[in-house]
Amino acid sequence: MSIAPSTSPFEPVVLAFTCNWCSYRAADLAGTARIKYPPSVRLIRLMCSGRLDPAFVLRAFASGADAVVMTGCWPADCHYRIQNVKALRRFELLHRVLVDLGIEPERFQRVYASAAEGQQLAAAFTRIVDEVRSLGPLAWGRQPGIAAESEAPADEPSTPALEGVPG
Amino acid sequence: MTRAGRGAAAPAEPRVGVYVCHCGTNIAGMVDVEAVRDWAAERLGPHGVVVARDYPFMCSSLGQELIEQDVREQGLNRVVVAACSPHMHEKTFRGACERAGLNPYLCELVSIREQASWVHTDRDAATAKSKAIVAGGVLRVREHAPLEPLRVPINEATLVVGGGIAGITAALEIADAGFPVHLVERQPSIGGHMAQFDKTFPTLDCAACILTPRMVTAGTHPNITLHTWSEVTEVSGYVGNFTVKVLHRPRYVDTDLCTGCGICEEKCPARVVDPVFEAGIGYRKAVYRPFPQAVPKFPVLDPESCIFFQRGTCKACEKLCPTHAIRLDQQPEEVTLQVGNIVLATGFESFDARRVEPYGYGRLANVFTSLEFERMSNASGPTGGRIVLRDGVTQPQTVGIVHCVGSRDRNFNAYCSAICCMQSMKFAHLVREHTDATVYEFYIDIRAAGKGFDEFYQRVQDEGTIFVRGRVAEVTDVLHLPEEAKHDGQLIIQVEDTLVGRQRRIPVDMVILSVGLEPQPDAEEVARRFGITCSSEGWVIERHPKLDPVATMTEGVFAAGCALGPRDIPTSVATGSAAAARIIGRIQQREMALEPIRATVDTERCSGCRICNDLCPYSAIEFDEARAVAEVNPALCQGCGVCVAACPAGAISGTGFSDAQILGQIEGILMSTNGTGGSPATEPERAVPA
Amino acid sequence: MSGYLYYPGCSLAGSARAYAESLTAVLDTLGVRLREIDDWNCCGATEYLTLSPLAGYALIGRNLALAESQRNGSDTLVAPCSACYVNLAKTDRYMRESPVMREQLNGALAADGMHYTPGAVAVRHLLEVLVEDIGLEELERHVTRPLTGLRVAPYLGCLVSRPDYDRRWARREQPLELDRLVAALGAEVVDFPLRTACCGGHMTQISPDTGFELIRRLVEAADRGGADLLVTVCPMCQMNLDAYQGEMNHHFGTDYRLPILFFTQLIGLAFNLDASTLGIGSEVVSARDALARIGVEVPTVEGEPAPPRRAKRSQELPMPAPLAEGDR
Amino acid sequence: MTAANGKHRFAMYWAASCGGCDIAVLNLHEAILDFAERFDIVFWPAVMDAKYRDVEAMPDGSIDLTLVSGSIRNAENAEIVRLLRRKSAILVAFGSCATEGCIPGLANLGTTAGLLDVVFDGPGTDNPDHLRPASRVAVPEGELHLPAMEPLVRTLDQVVEVDYRMPGCPPESERIAEVVGLLTAALDGKAGLPPRGSVVGAGHSTVCDECQRDRSAKRISEFRRIQQLPALDPGLCLLEQGLPCNGSATRDGCGAKCPLAGAPCIGCYGPADGVVEFGARLLSAFASVVDASEPEEIDRILDGLPDPVGQFYRFSLAGSLLRGARAARTATATRESAP
């Protein structure tokens with residue numbers, strides 16, 4: 001019910017996972033410094049990009065995100081010493097899987113941002129939103145024919161009280 | 001597949017209260033907070049929201065009381081506050097919940113200020129996003145479980161890294177409070193840059209006169225252990241309980257026997273340029289104390305310049321030492337220290353003026369750096385305080401002082417070095433005091449914002465110093481004919497005088513480059529060693545630039561002085577004291593509470609696959625061979641969550657950031673916020689009007 | 001060594017024939033193959049761009065399009081003339097950056113059925129190719145007559161390192177690549193702060209007084225540094241300093257006789273190539289006396305560095321060491 | 001409901017299935033006789049003749065136990081499972097196809113049209129008129145009907161509610177015997193039913209729990225196929241030998257038969273309890289132990305997994321979070337490129 005009418009321009013929903021120590025603080029800094037980026041970017045705080053479970057990314061896409069961004073500390077600057085490397089390994093493999101599952105590569109990106117890089121983080125968000133806007137909505141759940149699943153019973157992952165997919 | 005997450009089950013049916021803060025107009029100016037409140041009450045009702053309110057300042061005592069009252073009267077067992085960043089006020093609202101008898105970890109603070117009102121310009125979009133953020137918080141907090149903070153004991157000892165004025169100040173404050181301090185300094189003596197200076201601005205009091213008493217006190221304080229000529233090589237552990245390895249480089253002097261008489265230095269035949277203390281314009285011996293008031297008083301022997309180490313013969317110092325204190329076979333020694341807190345006062349390094357090639361430093365003899373001039377003007381420096389050209393004899397008749405060398409320059413450092421206006425004007429005064437020279441100051445802007453600073457600016461102007469507003473393009477010895485023929489042998493400063501709006505070429509005898517301040521070249525490596533973060537330039541990042549300016553992101557590691565960024569002596573001292581005060585407070589608490597964000601293994605479900613075993617940089621994951629299961633040692637776990645995300649069996653869960661919490665937040669954030677059903681125009685059923 | 005696409009430019013076919021001859025001789029010795037792009041036209045110099053930008057850039061773009069279509073495995077386009085180099089590099093850069101420019105120029109080129117894909121070729125100056133690709137070690141390997149004792153002022157001119165679109169020069173204000181090359185040939189590099197100063201350009205035609213003063217500064221600075229000769233990497237610089245040196249002397253009443261050679265001529269001498277194949281002798285200010293210092297009087301052994309020209313006085317304060325390669 | 005003869009009423013249906021699950025049930029050996037003693041088989045197309053209309057005639061909820069194997073591929077599958085759901089007291093998603101989609105579910109990596117192209121116009125097919133099956137075909141005798149293929153292969157629980165899930169491709173016969181015993185006891189009133197919705201006939205940990213191979217802390221510098229190994233170490237963990245073994249994330253219960261025989265686990269028993277996405281668990285585990293820090297080196301090691309979706313989603317694609325993404329994207333691309 002939230003699908004924008006075809007006449008209004010498409011505004012993607014981008015979910016960005018942030019690291020408590022670097023990119024989340026960079027986002028705070030962007031706020032403090034009133035640096036603007038598109039409102040379609042929504043943040044989730046993790047303690048480390050290494051906490052990013054691939055299931056979170058898949059869930060986000062399944063629940064309506066048009067793109068997912070993994071943000072974290074620069075290589076060798078991890079608050080937890082080397083855990084962003086594990087995040088990088090998962091990112092690389094998950095990226096391959098997502099592409100094979102039919103998600104365009106631009107829809108899953110990674111961005112490095114230290115706590116001081118509010119400006120850079122905002123710029124990266126803006127760039128990603130632009131890229132995804134030109135790709136159009138992901139919206140695979142509403143493809144003609146695919147929507148046959150809507151008759152599925154209550155066991156569907158999204159609870160009935162939740163609305164369908166935004167975007 | 002079921003939606004069951006892996007987090008702890010909620011104790012009772014969630015009853016969630018949502019509190020939307022206006023933050024004055026900070027939030028309300030860009031977000032329709034009433035709409036967010038009404039939407040939460042109506043649309044999140046099925047998810048357990050029983051009360052939703054808005055309030056001008058949730059963090060005020062009245063705002064907090066509102067939450068406390070609802071928890072008590074409405075039986076709330078979950079609270080979501082939509083306000084600022086959790087890094088700002090998470091503690092505040094957790095405290096409010098705790099006062100009302102609710103476990104503080106059942107409160108979630110979501111940021112609609114830093115993440116919405118401050119970064120967006122479209123009110124409708126910012127409001128819709130705020131709703132999504134609130135929904136994320138509500139669906140997340142449903143999955144929260146009550147937690148108890150982890151308590152760690154605080155070791156009384158403190159490590160201070162860097163023996164400049166900031167480090168000395170921090171060490172003295174902590175030591176005076178009765179707690180042990182290890183003060184580590186890379187150079188042979190403590191004192192730092194301040195010991196090199198002659199006068200300090202704007203009062204012109206003698207740097208040595210005010211610094212050396214403090215150095216002596218630090219050197220003799222019963223609670224301070226000095227580790228000079230030493231470096232920290234390894235840091236492990238966490239707040240309250242750090243283990244630090246310090247490498248003592250060999251001094252080649254037995255400090256138990258040495259009396260500091262100076263005979264070795266006097267008799268040493270090797271004389272080399274001293275690039276450190278004398279800034280390259282003076283000499284020292286191979287065995288030396290950088291300056292007479294050095295603390296400790298013991299010399300060090302530099303094997304790079306020592307004739308014995310280079311050619312195998314000499315040993316003049318060994319032969320002539322009256323107490324036989326020279327030890328040419330001394331080896332490096334590593335000591336291990338246990339400390340509870342750390343202060344990084346690692347200071348700065350001067351910008352290398354050779355990098356600004358148009359200014360000719362290193363090529364043109366009579367171009368000097370500010371640090372060279374500091375030594376030259378110092379009565380105990382290489383010229384005995386005489387202001388002379390590079391020939392060591394001639395007094396300059398005209399001196400040009402160039403501001404912002406390497407600072408406010410996108411080719412080098414974009415930032416202002418904070419001290420260089422004032423030091424440049426101090427130089428002008430000193431030149432005028434010692435010579436009859438005409439002095440030019442070439443500046444971009446004069447930044448004299450400190451106490452007594454602008455008065456000093458007026459004074460230097462009154463003394464006759466000529467101020468030229470413009471960035472110097474070039475310092476050259478190439479003359480333009482015919483008009484410059486008479487200036488052969490002088491230097492020409494080419495500058496656009498922006499006040500008169502034309503190019504000028506000003507001949508001078510001497511140029512002083514007021515160089516900027518840069519982080520230590522190994523700042524990033526040091527930051528990594530101490531587990532903190534640096535800005536892209538290399539300055540230590542504060543926990544909060546205004547409200548927490550001496551703490552770092554890492555618990556137990558503080559910073560002071562120029563390690564945080566360019567600053568003058570009073571501010572360096574202030575930050576040293578501030579770091580000390582923070583640490584003394586902690587030591588007196590004896591223990592400290594840490595966020596209980598930890599991983600745990602459900603050993604029933606662990607199959608012993610050993611995927612996780614090698615993933616923890618803190619070695620918190622142990623494998624029990626007998627039971628063939630992995631276990632997490634909570635004392636070592638730092639809560640990053642890498643193993644939680646790695647466990648193929650889903651047997652590892654993480655408190656505070658469980659799968660269920662994060663998946664809930666994802667669902668909430670992606671919930672439709674602009675659909676037709678939740679039009680804020682309709683009167684919400686459950687809304688409690690404010 | 002793979003081949004390079006080669007854009008000679010008009011000077012090398014005219015006033016700077018010595019440059020063309022010497023670079024051919026040197027690259028032959030090094031076994032580097034140059035493939036001259038077929039049907040090249042004027043690089044645009046400076047005039048076209050000021051009169052009609054689109055026509056000017058299209059003129060340059062035609063050369064790039066030719067280079068692209070004749071790539072055949074080589075993707076580096078070498079220009080020995082600094083002005084050609086900057087014009088070609090600038091056009092490629094602008095087309096990469098500006099979709100409008102890309103469209104307009106390719107629209108113009110389409111009139112002749114041509115097209116240029118921005119970035120298809122990397123435009124580089126001959127000096128950079130010699131120092132970065134071939135490398136000083138390789139050059140040194142071919143040095144059979146080290147130029148020991150020859151004091152050389154290395155002069156780049158204003159265009160090579162500026163505006164440096166692709167950040168190829170580590171130190172744009174005072175690039176040291178030519179210094180290192182000259183040193184690798186065994187010659188002594190003199191203190192010459194005006195590496196990137198102006199040679200006078202067209203001022204010799206428009207405002208001779210200004211042109212002469214600009215030439216004087218360069219010649220005077222090289223002379224003050226004690227140079228036997230000055231090497232350039234640019235035909236315009238060579239012509240101004242060489243051909244107008246006499247008039248400049250006349251204007252100021254001075255008597256400088258500073259030979260101006262192309263750096264490739266110097267390399268050829270160090271490779272012990274015959275002076276006649278290097279175009280030596282075609283210069284206006286004769287290099288005969290300067291070159292007599294090498295190969296004849298000076299023994300070809302590694303000599304101690306020349307002593308400083310001024311005696312050290314006891315009270316003199318020490319000077320900072322020069323900035324080493326790789327320092328921040 | 002118990003039949004007049006004291007037996008429980010049993011049904012088993014195969015949707016898009018290879019029939020292996022039916023064989024696994026028959027593979028109970030002598031126990032099948034006990035089974036026949038305890039149950040009246042009212043509907044089981046794989047072993048006996050039956051008519052849908054007979055089932056339609058049964059009272060709702062009158063079948064005590066129904067096992068459904070196979071995924072939902074066409075309209076007939078969907079119709080029959082809805083019918084059986086209505087008629088059954090206990091409906092079990094039986095085997096990997098019904099629980100997760102299994103191999104038929106991999107069809108979701110393409111479109112139905114693409115699938116038909118391969119089958120009816122592939123190199124091995126002689127079909128000069130390029131005929132395709134149609135759901136309605138007019139012939140002289142009248143109109144013929146074929147069940148229409150659905151755009152996506154679905155798992156059973158995406159179509160009807162299921163009471164229990166029993167994983168495996170096929171479920172191991174011992175586990176079947178256990179489950180049948182358990183449910184029989186419950187139907188007899190001698191034991192309680194397991195919680196509705198739970199997984200039966202499997203363990204609560206993963207295959208490594210049952211695998212006897214030696215394991216140590218893992219670091220993988222190369223993924224290899226078994227024929228690329230110089231020699232298979234008979235006692236060492238297969239993953240540590242570089243073989244992409246899915247055992248660490250796959251629910252136990254099979255007895256770790258494959259890895260113990262030297263063949264990497266392919267994951268047919270699905271994920272452990274509470275796991276959100278099986279493929280995510282596997283890929284996260286594999287990636288976590290890749291022994292590299294630089295992107296290039298990570299890439300090189302990951303190149304050893306040439307078909308990551310095949311590796312991680314071989315059995316679970318139709319039940320996964322992004323189950324329809326690729327089919328949808330392919331369909332869109334086809335539509336957009338069509339004139």
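Chain A is the first sequence line, chain B the second, and so forth, proteins listed ahead of strands; every chain is numbered from 1. If you're wondering where the values come from, they're calculated on a predicted model, not measured in any experiment.
- Using a 4.5 Å cut-off between heavy atoms, C:Ala197 makes no contact with chain B at all.
- Between C:Leu317 and B:Met376 the shortest side-chain heavy-atom distance falls below 4.5 Å.
- Residue-environment remark: CG (B:Asp436) stays at or below the threshold of 12 foreign heavy atoms within 6.0 Å.
- For CZ of B:Arg471, the number of neighbouring non-hydrogen atoms (other residues, nucleotides, ligands) closer than 6.0 Å is greater than 12.
- Within the 3.5 Å criterion, the main-chain N or O of C:Gln174 finds a donor-acceptor partner in the side chain of B:Glu357.
- When heavy atoms are compared at a cutoff of 4.5 Å, B:Phe368 approaches chain C solely by way of its side chain, counted from C-beta outward.
- More than 12 heavy atoms of other residues, nucleotides or ligands lie within 6.0 Å of CD in B:Glu483, so this atom counts as buried by the packing criterion.
- With C:Arg224 contributing its side chain and B:Val478 its backbone, the two residues share no donor-acceptor pair below 3.5 Å.
- Residue B:Thr369 does not touch chain C at all, counting heavy-atom pairs closer than 4.5 Å.
- For the atom pair C:Arg217 CZ and B:Leu479 CG, the distance stands at 9.5 Å (nearest 0.5 Å).
- Using a 4.5 Å cut-off on side-chain heavy atoms (C-beta onward), C:Pro318 and B:Tyr283 make contact.
- If you measure heavy-atom distances from C:Leu214 to chain B, you find no contacts under 4.5 Å at all.
- With a threshold of 4.5 angstrom between heavy atoms, B:Glu278 does not approach chain C through any atom at all.
- Within 6.0 Å of CG in C:Asp164 there are more than 12 heavy atoms belonging to other residues, nucleotides or ligands.
- Atom CG of B:Asn366 sits about 8.5 Å away from atom CE of C:Met319, to the nearest 0.5 Å.
- Proximity of B:Thr476 to C:Pro193: side-chain heavy atoms (C-beta onward) are nowhere separated by under 4.5 Å.
- A distance-only check finds a donor-acceptor pair linking the side chain of C:Glu213 to the backbone of B:Leu481 [under 3.5 Å].
- By the 4.5 Å heavy-atom criterion applied to side chains, B:Arg386 and C:Gln315 are counted as neighbours.
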